[in-house]
Amino acid sequence: MLDKSYEPQKKESLIYKKWEDNKCFKPYSDFHKDSNQENYTIIMPPPNITGQLHIGHALNNTTQDFFIRYKRMQGYNTLWIPGTDHASIATEVKIIDSLKKEGLSKEKLGRDEFLRRAWQWNDKYGGRIKLQLKSLGCSCDWDRCAFTMDEQRQKSVLHVFKSLYDEGYIFRGEKLINWCPTCKTALSDAEVEHIDEDSSLWYIRYPYADDSGYLVVATTRPETIFGDVCVAVNPEDERYKDKIGKYVVLPIINKKIPIISDNYVEKDFGTGVVKITPAHDFNDYEVGRRHGFEPIKIMNLDGTMNEFCGKYANLDRYKCRELLVADLKSLDLIEKIEPYRLPKATCYRCHNAIEPMMSKQWFMNMQEMAKLGLDAVDNGELEIVPKRVEKIYRNWLENIKDWCISRQLWWGHRIPAYYCKDCGNSMVELSAPSKCSKCGSDHIEQDPDVLDTWFSSALWPFSTLGYPDDTADLNRFFPTSTLVTAQDIIFFWVARMVMLSKKIMDKTPFSKVLINGIVRDDEGKKMSKSSNNGVDPIEIIEKYGADSLRLSLLFGNGTGNDFRFSEEKILEDRKFINKVFNSGKFLELVLSQTYETKLDKSKLNMFDKWIYSKLDEAITEINKLVDNLDICQAVNKMYSFVWDDFCNYYIEFSKPYVYNEDKEIRANACAILKDVYLNILKLLHPIIPFITEDIYSNFTNELIIDKSYAESLGKFDREKEKVEKIISLIQKIRETRLSYNVAPAKRISLVIDKSNISDESINIINEAKLVLSKMINIEKIDVLDSIGNDFIKFVSELGEFYFYKNEVLDTEKEREKINKDIDKINSEIKILESRILNPNFVSRAPQQLVEKEKSRYEYLLTSKKSLEEKLHDLDKA
RNA sequence: GGGAGAUUAGCGCAGUUGGUAGAGUACCUGCCUUACAAGCAGAGGGUCAUAGGUUCGAGUCCUAUAUCUCCCACCA
């Protein structure tokens, strides 16, 4: 028995358990090793264990689950691998925060104890995430669940690191890198966020060494003056041409530095003179390198000034700036200070300012890798949806630089590099060497640093399948099929997966990438942890059920478009599920009144054939849309098929048959209704898995998740057309009744003029007699030889029809209505005339269209004429 | 500074090779019709941001402009 009403809360977890117990989420090939079904594989973007999932995750994972369930039912050998990400820096920041609350610090705890805490953290939050995914209904194979730092994934990371090191793609060196003084680690370029901030442009006077006045330098960072190695002007700048090669004296520290020329300098900005600080600015680093200057480091790793800065040493850089500017002012070396808005580089995790610093780090050379990434889209191995995202992807790869992969953190994959304390030799090995390969010393130390968290994520498509081991999974499921993810990690993750998969596995890791839009709150703001407007999917699921949430996420949202989340939308969409549920109730009711249901294909009536045709049409369309990753339109199609075609019409059509006195008719009608309904459940299962499973189990002993996708009994064009005509007649009758204010309960007669209607129409109407009487309260159908004045006429596609005046008439209403109709027709006639009377249209538009428009025009003219006649008759009467 | 997207009914949105604007919801009218009032049947409501252009024909293609959002970026 179905529940009294749709109440999802109680049942969903039980249903999920049933799926798990029956191993429904496992690929078919796990049980049938020699299965040759085509594979369909998705790797889940592993959520960070920093916290819990929000609606954006729910959107991505619902999308993935939709594809997986759909493909599973279509007979693919499906595998969806779930997992979580250790999120090195993000998690470490969180743990440090929580330690702070206990009055602890990471240094106090020590590395081992800190890591123990981190693993505890993983147990807690990783577990919560899995729970959330299960509540959402995700049908992923939990036995294959991976964690970016579990044993197998550590092994993958080691192997990839070593092989890229051996090939020379990974190297160690001292370069200018992004340094977060708060997190105290290096960051990659991708991890730096630029935020516009109000600041100033300081114009500082640099006296010439020969005492002939001074040069004015405009800078946004006066405190880096200690690291200046020269000042630069544009070689074409007339103002300074004769100064090139001369020297200026750095204020405060009184150091002589040269004036050089470089094209990098823009004449029109500031004073056209730039101070060059190679150790603390990326452009200056390049300029310095071009002109052979050694960078001078002036900052400590915590963002304070170093001993090189005299009395400013150990001051925070901003404090230093303040004092220095004051000092310069008192020396009259500040020409002016202008307000200036500049993009401030900040850490994507702690949001504090980062500093470019010289530091010894590990890097990955990306030049060749980027080509691999570009090839993938160029030669069609990888399709990115929506298409526009491809440009973003391409642009990033075209401007890529070396990837700084080492982090001065503890939570992460420790770099497998070992240094000999005696001879300084460095070794990269899969396991810790006991002796130095060069001098034989056993004073060996592992590099204390860990890898960028995105290094391990980049290997996800093959690390999850068992790389570097030669596993059955790797052979069977790599490369995977579709990747579904959010747009903010295209660079961090998607591009790097493509590059590394091509490099390591020699294959593009997936053939399609679907990039979902951003989830916003109901005010249109981006949902994020920092704005604290995130919504926990569990909360919504408890309130409305997972199916409602899933439907709401998938329905009415264009592919790749941003999505505005609101509870109202969930309430709106839930109505659809309720509708599906209630149609199940109806089926249950009619089945309970029937002893036998047997589907006899030879006994389909025209309505049955119509619904099967519509079903067939819907399936075909949905297949096409899903293949194009257009879930939005696919769900739209399901919605209108189920609600409009099935519920509003077919169920009503079926009533005279399922309640028929003839047992045989009744049995067959019930069987057909059931068949169509079960197919509808299959159609909908990928969007709303729980309710469809629940209802399906009510009518069968099988699990819908395992069944094949919806399939129609056939396609019947002639009957389809007939029923469409019936439908339009029904609509016309309803409209006419309403316009004459005929009470819905009043049974009236439908009249046909025998001389003015085709035999076919009469046949169709006879066939639909039962239905018409039921749906629009038609008492009887009179076929008359001729029609006089006592009738109300209306036209449908089946021909001309009449009501008895005395049954329906209200003269005033009638006149109003006819006038309205004439107005409508007139405006359409106008539009048509503008075309068919236009010789250009007639000669250049497709002939078919011209014909169509012409016949429509003729039809309108006759209709108009008959309406005018009617009006005339009315006036007479 | 560069790039991308958005702008369609009161609201939040769909609209895939250019061919007379669509569903949901809200509002209005009438119905508690034996699956469903979380429903049924109807009605109204849009010069598709603006201005040009291409075309017989533009929400759809092109060019500008405006407003909003997002991404990228070293003009010190």
Side-chain angles (χ1 to χ4, degrees), chain A residues 2 5-6 194 201 217-221 224 232 264-266 268-277 281-287 340 342-343 345 356 386 388-389 391-392 395-396 399 487-488 490-491 517-518 520 522 524-526 555-564 566 568-569 571-590 624-625 628 630 632-633 636 639-640 643-644 647-648 651-652 655 659 731 734-735 737-739 741 743-745 774-777 827-828 831-832 834-835 838-846 849-850 852-853 856:
Chain A
L2 288 173
S5 58
Y6 172 54
H194 295 269
L201 197 55
V217 174
T219 180
T220 54
R221 304 214 53 187
T224 60
Y264 151 70
V265 181
E266 298 280 333
D268 302 333
F269 188 86
T271 58
V273 186
V274 186
K275 62 194 264 322
I276 302 298
T277 321
D281 183 282
F282 286 97
N283 291 310
D284 294 5
Y285 182 74
E286 290 303 319
V287 176
Y340 186 67
L342 82 166
R388 60 186 147 82
V389 176
K391 225 186 255 178
I392 302 174
N395 190 269
W396 189 74
N399 296 296
Q487 58 188 30
D488 50 349
I490 295 168
F491 313 133
I518 292 171
R520 302 168 180 285
D522 47 12
K525 284 199 208 111
K526 182 176 170 178
F555 181 54
N557 299 115
T559 309
N561 287 357
D562 288 356
F563 169 64
R564 194 176 285 212
S566 74
E568 285 99 276
K569 182 166 189 314
L571 281 168
E572 285 169 18
D573 295 341
R574 189 182 57 171
K575 292 182 180 178
F576 176 70
I577 304 178
N578 188 57
K579 189 76 183 172
V580 173
F581 177 82
N582 276 310
S583 44
K585 293 286 284 183
F586 174 70
L587 177 63
E588 186 177 53
L589 179 79
V590 298
K624 212 171 89 191
L625 290 165
N628 291 335
D630 194 347
C632 170
Q633 296 298 324
N636 261 329
Y639 193 101
S640 68
W643 202 314
D644 300 341
C647 292
N648 285 356
I651 285 188
E652 296 307 320
K655 279 178 181 172
Y659 290 131
Q731 286 167 344
R734 280 175 175 161
E735 197 185 305
R737 284 184 65 127
L738 219 75
S739 69
N741 261 348
K774 175 84 193 156
M775 286 179 77
I776 41 181
N777 249 340
S827 62
E828 200 180 339
I831 293 169
L832 284 177
S834 77
R835 299 175 148 203
N838 176 350
N840 281 327
F841 175 78
V842 177
S843 61
R844 300 195 200 187
L849 185 73
V850 175
K852 200 180 128 197
E853 302 284 53
R856 173 80 186 157

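Below, chains carry the letters A, B, ... as their sequence lines are ordered, and counting in each starts from 1.
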Parallel, tilted or perpendicular, as decided by the 30° and 60° cut-offs, for the rings of A:Y639 and A:F576: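 If you compare the ring of A:F576 with that of A:Y639, the planes turn out parallel.
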
Geometric class of the A:F586/A:Y659 ring pair [parallel <30°, tilted 30-60°, perpendicular >60°]: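 A:Y659 vs A:F586 ring planes: perpendicular.
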
Suppose we define a pair by two distances each less than 3.5 Å, Watson-Crick or G-U wobble; what does [N] pair with here?
| N | result |
| --- | --- |
| B:G12 | none |
| B:A64 | B:U50 |
| B:C40 | B:G30 |
| B:G1 | B:C72 |

[X] has an atom [atom1]; how far is it from atom [atom2] of [N], in whole Å?
| X | N | atom1 | atom2 | result |
| --- | --- | --- | --- | --- |
| A:F563 | B:G5 | CZ | C1' | 18 Å |
| A:R564 | B:C68 | CZ | C1' | 11 Å |
| A:N561 | B:A4 | CG | P | 16 Å |
| A:R388 | B:A4 | CZ | P | 11 Å |
| A:K569 | B:A14 | NZ | P | 10 Å |
| A:N838 | B:G19 | CG | P | 18 Å |
| A:N741 | B:A41 | CG | C1' | 14 Å |

Across the strands shown, which category fits [X] at heavy-atom distances under 4.0 angstrom: base, sugar-phosphate, nothing?
| X | answer |
| --- | --- |
| A:P356 | nothing |
| A:E568 | nothing |
| A:R734 | sugar-phosphate |

Inter-nucleotide P distance (B:G44, B:A21), Å rounded: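 So the two P atoms sit 15 Å from each other.
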
Distance, C1' atom - from B:C70 to B:C32, rounded to whole angstrom: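 Taking atom C1' in both B:C32 and B:C70, they lie 50 Å apart.
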
Under 4.0 angstrom between A:Q633 side-chain N/O and B:U16 OP1 or OP2: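 No.
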
Salt bridge A:K569-A:E572, side-chain N to carboxylate O under 4.0 Å: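 Not counted as a salt bridge, because no side-chain N and carboxylate O are separated by less than 4.0 Å.
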
Base versus backbone protein contacts along nucleotides 70-76 of chain B [heavy-atom cut-off under 4.0 Å; B, S, -]: -SSSBBB

B/S/- contact track for nucleotides 20-35 of chain B, protein heavy atom under 4.0 Å: B---SS--------BB

CA sep, side-chain torsions, deciding dist, call: A:Y264, A:F282, ring-ring contact (aromatic ring centres under 6.0 Å, His included): CA-CA 12 Å; A:Y264 151 70; A:F282 286 97; over 10 Å; no

Side-chain heavy atoms of A:R734 within contact of A:M775, under 4.5 Å: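 The answer is yes, as the side chains (C-beta and beyond) meet within the 4.5 Å cut-off.
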
Closest listed nucleotide, where the reference is the side chain of A:C632 and the choices are B:C13, B:A14, B:G42: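 The answer is B:A14, which lies nearest to the side chain.
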
RNA chain B: 5'-proximal contact among A:G556 and A:P846 (nearest heavy atom):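 It is A:G556, whose closest nucleotide lies nearer the 5' terminus.
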
